[in-house]
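This report concerns only the one structure given below.
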Number of protein chains: 2
Amino acid sequence: MSSFLDILDLDTNPTTEVLALKQKISLKSIKKGRILQRGGDMVSKIYYVKKGLLRSYTIDKKGKEHIFMFAPEDWIIADGADFSSPCQLFIDVLEDSEIEIVDKKLFEEVYISLTLNSDTQRTAAMIKRISVLQERVIMLMSASAIERYEHFTTTYPQIMQRVPQRMIASYLGITPEALSKVKSEQNKGK
Amino acid sequence: MSSFLDILDLDTNPTTEVLALKQKISLKSIKKGRILQRGGDMVSKIYYVKKGLLRSYTIDKKGKEHIFMFAPEDWIIADGADFSSPCQLFIDVLEDSEIEIVDKKLFEEVYISLTLNSDTQRTAAMIKRISVLQERVIMLMSASAIERYEHFTTTYPQIMQRVPQRMIASYLGITPEALSKVKSEQNKGK
DNA sequence: TGAATTTCTTAATCTAGATTAATGCACAGC
DNA sequence: GCTGTGCATTAATCTAGATTAAGAAATTCA
């Protein structure tokens with residue numbers, strides 16, 4: 001996967017719109033712990049992770065965090081809400097990161113006018129994300145905590161190494177205590 | 001939203017590829033109860049519902065159904081799996097329906113070469129679906145059964161009227177008995 | 001280095017929702 | 001008009017995972 005700027009750079013004869021968009025893409029180095037947006041904000045940015053690790057999550061009315069996704073190198077992360085609605089997700093930085101940030105609406109407008117090639121790539125990425133979300137919904141509805149954990153470890157082994165277990169529990173939709181418990185039960189069974 | 005053929009018909013000067021694709025889109029009337037594809041099959045079709053109601057679901061290892069989505073008039077329904085993998089979802093017909101069916105791979109290849117306008121429409125539809133799935137995942141992780149039920153009734157009031165309650169329970173990720181219970185508790189509270 | 005903060009684990013108790021079972025209803029097909 | 005099949009509801013019991021609490025290990029940072 002290529003970053004926003006990488007893709008725009010493929011356009012050897014850019015229009016003024018494309019040049020203007022390139023100006024508006026900011027490349028930033030951000031320290032671990034920084035919160036990029038909060039649920040309820042009226043921001044609508046898309047983040048491309050060049051290096052490091054981001055995550056998105058909600059906070060429910062009891063104050064409990066629920067992690068929606070992790071975004072390591074070469075992933076795009078954003079809230080699904082459209083431009084005109086407040087966003088639902090918090091997005092923060094789990095490791096010192098380098099990211100490209102662009103306004104969602106601006107991006108949509110320009111990107112779609114680009115060459116076939118980059119649009120194919122983007123369409124494929126969206127289809128892939130829909131497929132991953134389908135899998136996630138089905139796992140949440142039909143699999144037990146331990147099954148979801150095993151699915152996660154085989155699907156995202158690299159992320160396992162990089163985030164505390166309580167965040168994996170949060171992604172799986174269970175408490176850290178419950179994850180500890182089911183893991184120890186799993187080990188006993190061996 | 002327009003059907004596959006509606007969109008292809010906008011192309012007033014179609015290429016041979018587009019004409020070939022139009023030939024391969026089948027328009028069918030299908031009776032309630034018919035199963036269009038089964039989980040594990042190597043089919044990869046996309047269905048556009050012109051009239052009627054379809055649904056997709058998985059069956060877990062205990063034989064229990066989990067409804068992934070309902071597709072009433074003007075919705076597109078398909079499995080997220082890519083061309084080369086077996087699909088995960090069953091798709092069946094809940095009301096006598098008229099649908100357009102097209103092969104996913106064929107569709108991808110040709111559609112992407114179309115005019116800006118139809119592609120914008122398609123991109124917007126994909127973004128919308130991602131947003132709906134984000135909401136679904138967050139509801140499953142953070143909301144109680146009754147909260148998910150209330151969210152469903154306000155989001156899809158028309159579907160409420162058209163499917164048995166046990167299917168709504170299945171969509172919400174709970175048993176029909178549990179839905180009955182939480183509904184009666186809700187009524188007592190009033 | 002040492003203190004403070006997170007993280008992980010274990011254990012006891014609690015609860016939302018699952019399971020099982022029984023009853024009454026609606027309506028589809030003969 | 002019956003009879004069977006699917007649907008909704010209620011109630012009793014069970015269980016996966018939540019909650020609460022406490023202690024040990026690991027990490028962070030001054």
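In what follows, every heavy atom counts, from backbone to side chain, and hydrogens, waters and symmetry copies are set aside. First the proteins, then the strands, lettered A, B, ... as listed; each starts at 1.
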State whether A/Thr175 places a side-chain N or O below 4.0 Å from either non-bridging phosphate oxygen (OP1 or OP2) of D/dA18.
-> yes
Please determine if a side-chain N or O atom of A/Gln165 lies less than 4.0 Å away from the OP1 or OP2 oxygen of C/dT6.
-> no
Whole angstrom is fine here: how far is it from [atom1] in [X] over to [atom2] in [N]?
{"X": "A/Leu94", "N": "D/dT28", "atom1": "CG", "atom2": "P", "value": "13 Å"}
{"X": "B/Lys181", "N": "D/dC14", "atom1": "NZ", "atom2": "P", "value": "14 Å"}
{"X": "B/Glu177", "N": "C/dT23", "atom1": "CD", "atom2": "C1'", "value": "14 Å"}
{"X": "A/Tyr149", "N": "C/dC8", "atom1": "OH", "atom2": "P", "value": "10 Å"}
{"X": "A/Lys64", "N": "D/dT20", "atom1": "NZ", "atom2": "C1'", "value": "13 Å"}
{"X": "B/Met167", "N": "D/dG6", "atom1": "CE", "atom2": "C1'", "value": "10 Å"}
{"X": "A/Arg166", "N": "D/dT27", "atom1": "CZ", "atom2": "P", "value": "14 Å"}
{"X": "A/Gln186", "N": "C/dT10", "atom1": "CD", "atom2": "P", "value": "13 Å"}

Minimum-distance nucleotide (side-chain atoms of [X] versus [options]):
{"X": "B/Pro164", "options": "D/dA8, D/dA18, C/dT10", "result": "D/dA8"}
{"X": "A/Ala178", "options": "D/dG17, C/dA18, D/dT28", "result": "D/dG17"}
{"X": "B/Ile174", "options": "C/dC8, C/dA18, D/dA18", "result": "C/dA18"}
{"X": "B/Ser184", "options": "D/dT10, C/dT9, D/dG17", "result": "D/dT10"}

With under 30° as parallel and over 60° as perpendicular, where do the rings of B/Tyr156 and B/Tyr171 fit, or are they tilted in between?
-> perpendicular
Rounding to 0.5 Å, atoms CG (B/Leu21) and CG (B/Asp11) come to a distance of 11.0 Å
Would you classify A/Gly33 as touching base, sugar-phosphate or nothing, given that sugar-phosphate means primed atoms plus P, OP1 and OP2, and contacts are heavy atoms under 4.0 Å?
->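 The residue A/Gly33 makes no contact with any strand.
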Given A/Glu95, which of A/Lys32, A/Arg162, A/Lys31 fulfils the salt bridge (charged side-chain N to carboxylate O under 4.0 Å, His left out) condition?
-> A/Arg162
The side chain to side chain contact (heavy atoms under 4.5 Å, CB included) partner of A/Leu54 among A/Asp92, A/Ile30, A/Leu94, A/Ile99 is A/Ile99
Would you please test A/Lys24 and A/Asp103 for salt bridge (charged side-chain N to carboxylate O under 4.0 Å, His left out) and show each step?
-> CA-CA 8 Å; A/Lys24 300 234 176 148; A/Asp103 181 77; over 6 Å; no
